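Chain identifiers are assigned alphabetically (A, B, ...) following the order of the sequence lines, protein sequences preceding nucleic acid strands; residue numbering begins at 1 within each chain. Side chains included, hydrogens not; waters and symmetry mates left out as well; all remaining heavy atoms used. Given the structure is predicted, the values throughout are model-derived calculations rather than measurements.
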Amino acid sequence: EVVNVFCWLCLHFQHAGGWEEERSTDGSKWRFLEHKGPVFAPPYEPLPDKVKFYYDGKLMKLAAPAEEVATFFAKMLDHEYTTKDVFRKNFFKDWRKEMTSEEKSKITDLNKCNFAGMNEYFKAQSEARKQMSKEEKQKIKEDNERILQEYGFCIMDNHKERIGNFRIEPPGLFRGRGDHPKMGMLKRRIRPEDIIINCSKDSKHPKPPPGTKWKEVRHDNKVTWLASWTENIQGSIKYIMLNPSSRIKGEKDWQKYETARRLKKCVDRIRNQYREDWKSKEMRIRQRAVALYFIDKLALRAGNEKEEGETADTVGCCSLRVEHINLYPKLDDQEYVVEFDFLGKDSIRYYNRIPVEKRVFKNLQLFLENKQPGDDLFDRLNTSILNKHLQELMDGLTAKVFRTYNASITLQQQLKELSCSDDSVPAKILSYNRANRAVAILCNHQRAPPKTFEKSMQNLQTKIDEKQKQLSAARKQLKARKAVQRIEEQLMKLQVQATDREENKQIALGTSKLNYLDPRISVAWCKKFGIPIEKIYNKTQREKFAWAIDMAEKDFEF
DNA sequence: GCGAGGACTTGGGCAAAATTAC
DNA sequence: GTAATTTTGCCCAAGTCCTCGC
């Protein structure tokens, strides 16, 4: 498949800069598309009779539909959210819809339901899976591989491409992130009748499972998806699309970074412009200019409006409310400090105190006048207005381009600043990770500290102590210079590892690495400092960034 | 110009797989 | 060989931004 991956690359690279001409002008994404359709969730298997469910202390046998939904809840018993009111209320309401009229009349109070037997059964099942023999595990692995080979690939324009998510999401209880009003609702089972298939007319169309029909088979080459369905929680559409290693995703990714590089060329002009606009007579222009300043300086997301009560209450820049900022004319030894405290995407908290220019500060004070905590900070602005303005400043410019641009330029600057050609390979990689970390902090990519973090740090420290003892012993015994040096290197490597891990406790590097950092910067850095690319990108990442690995030389400049 | 719907990117968590330790 | 630990890939939710119909 490596060969295939590079075919389209070569095709384009031979005509460097010829991208625009080669892409079709009518907006079509492909000419030929053939695939086998999605893999459905396995049908529900009723529980054996030995698994008991009690209502109000009395044994009860549930019919399959209600039993299935009960098992979703029973499996989650150890999770905190089964104790949350909203979760329980939503679950119970949807569960009752699946009951027979007899079940419905009996089961009227979730608190009287005893799912413990079911819960134990599933725990035992998962334990049994772990205890399976090698042969049994091997068999499962082979079955999965067969399914992958059959359904996990498609043909798009002469190339066999990996599909990203060829399995339909199984039914279950919706969780959502943060304080979600719909947590606990039943995510229903998707059937072939719910699925729209997209493929080319002249391809072999996928067959629905025996006795079923697709909702529709269409041939729309203006879109990239192979199949879609509408989910029942938010009513939104879900798609089956290609893997990041595919041509269609790779080209788009490349294009994204090229747009960010175009921003680099005119960012000074744009910055001067919004600084001028802080002085505008028009309120809407001042708001737009201050918001853009935050997006640029703090890498905030655009912040679209959200339907109230449908999702968790989170905000981005344009949707910030009065309650999300505090202004301090003086704080410690700094002047004009803005304190941000709000929940962003995925209900991740954004907290930052940042000194701003006097003019920005005065503007913010103005925006806050006569407003309540729940009012919009930028009441004359939304993402559509902002993006229209940005489009006028540069072709293809939107709010998110600033995030991409600032992330990538920060990586490049940090790498320049931190890398030292005399360093050992582990030390160089520490520098790389630190540069990556600076970006993750900028983008507020946080993670919960791993549950075993403390223990894992201790283990590492133990190893370091042992290595230190080993080193002094070797020195005392006047071991050969080479042997001592080897131990020194091992010790250094462990120490670097410990530093890296400690600094990374609450930082998630993955998202920026995968979505914000132009991979050509990393490829160039590897070439320049003699680091094998495998040390920076694992196999999947190398597949995703094949275009960049092929393209970038050591002198690449973002 | 706008609102709803549609398409596509971005996001953290977690289970499975891989690797290392014992 | 097995257990512990780390890494990887999957899952699917939650954003951004565009299109379409009026």
dT9(B) phosphate, OP1 or OP2, under 4.0 Å from K249(A) side-chain N/O: yes
Between dT10(B), dC12(C), dT9(B), which one does the side chain of N515(A) approach most closely? dT10(B)
Would a 4.5 Å heavy-atom cut-off, applied to side chains only, mark I409(A) and N406(A) as touching? yes
Pick base, sugar-phosphate or nothing for T314(A), based on heavy-atom distances below 4.0 Å to the nucleic acid. sugar-phosphate
Within the structure shown, what part of the strands sits under 4.0 Å from R542(A) by heavy-atom distance: base, sugar-phosphate, or nothing? nothing
Check the angle between the aromatic planes of F73(A) and F91(A) and answer parallel, tilted or perpendicular using the 30° and 60° thresholds. parallel
Rounded off to whole Å, could you give me the CD1-to-P distance for the I248(A) and dA7(B) pair? 13 Å
Do any side-chain nitrogens or oxygens of R129(A) fall under 4.0 Å of OP1 or OP2 in dA15(B)? no
Go nucleotide by nucleotide along DNA chain B from the 5' end; which of Q446(A) and Y239(A) gets its closest nucleotide reached first? Y239(A)
Listed nucleotide nearest any side-chain atom of K306(A), set dG15(C), dC18(C), dG13(B): dG15(C)
I need the CD1-P distance between I348(A) and dT10(B), as an integer number of Å. 17 Å
So if I take every side-chain heavy atom of K187(A) and compare against dC17(C), dA13(C), dT10(B), which nucleotide ends up nearest? dA13(C)
Comparing Q497(A) with Q234(A), nearest DNA chain C nucleotide closer to 5' gives the residue Q497(A)
Would you say dG15(C) has OP1 or OP2 under 4.0 Å from some side-chain N or O of N304(A)? no
Any sub-3.5 Å donor-acceptor pair from N444(A)'s side-chain atoms to L298(A)'s backbone N or O? no
Categorize K388(A) for me: base, sugar-phosphate, or nothing, with a 4.0 angstrom heavy-atom threshold over every strand shown. nothing
Check this for me: does the side-chain of K345(A) come within 3.5 Å of the base of dT10(B) through a donor and an acceptor? yes
Any sub-3.5 Å donor-acceptor pair from N221(A)'s side-chain atoms to R31(A)'s backbone N or O? no
Whole angstrom is fine here: how far is it from NZ in K137(A) over to P in dA18(B)? 12 Å
E169(A) CD - dC12(C) P separation (whole Å): 5 Å
Rounded to whole Å, please give me the gap between CG in D346(A) and C1' in dT10(B). 8 Å
Checking all strands, does G510(A) fall into the base, sugar-phosphate, or nothing category for heavy-atom contacts under 4.0 angstrom? nothing
Looking at dG11(B), dC11(C), dC12(C), which one has an atom nearest to any side-chain atom of H445(A)? dG11(B)
Y516(A) OH - dG12(B) C1' separation (whole Å): 13 Å
Which is true for A312(A) with a 4.0 Å heavy-atom rule: it touches a base, it touches only sugar-phosphate, or it touches nothing? nothing
The nucleotide from dG15(C), dC8(B), dC10(C) with an atom nearest the side chain of K29(A) is dC8(B)
With a 4.0 Å limit, can you tell me whether S384(A) has a side-chain N or O closer than that to the phosphate oxygens OP1/OP2 of dG1(B)? no
Expressed in angstrom and rounded to an integer, what is the separation of N243(A) atom CG from dC11(C) atom C1'? 14 Å
Please test F166(A) against H35(A) for ring pair (Phe, Tyr, Trp, His ring centres under 6.0 Å), starting from the C-alpha separation and ending with a verdict. CA-CA 10 Å; F166(A) 57 89; H35(A) 59 94; over 10 Å; no
In terms of side-chain heavy atoms of R501(A), which of dT16(C), dT10(B), dT6(C) is nearest? dT6(C)
Minimum-distance nucleotide (side-chain atoms of R403(A) versus dG11(B), dC12(C), dT9(B)): dG11(B)
Surrounding CD of E308(A) (heavy atoms of other residues, nucleotides or ligands, distance under 6.0 Å), is the total greater than 12? no
Can you identify which nucleotide, out of dC17(C), dG6(B), dT10(B), has its nearest atom closest to the T511(A) side chain? dT10(B)
Whole-Å distance, N165(A) CG to dA13(C) C1', equals 13 Å
Closest listed nucleotide, where the reference is the side chain of R177(A) and the choices are dC17(C), dC8(B), dA13(C): dA13(C)
So H79(A) and Y81(A), would you call those rings parallel, tilted or perpendicular, with 30° and 60° as cut-offs? parallel
Contact nearer the 5' end of DNA chain B, comparing A448(A) with T230(A): T230(A)
Tell me whether the OP1 or OP2 atom of dC17(C) has a side-chain N or O from T398(A) closer than 4.0 Å. yes
Hey, does R262(A) have a side-chain heavy atom less than 4.5 Å from the side chain of M394(A)? yes
Could you work out which one of dT8(C), dA13(C), dC8(B) sits closest to the side chain of T224(A)? dC8(B)
Hey, does the side chain of K256(A) come within less than 4.0 Å of dT16(C)'s phosphate (OP1/OP2), counting only N and O? no
What contact category does P244(A) fall into here, base, sugar-phosphate, or nothing, at under 4.0 angstrom with non-hydrogen atoms? nothing
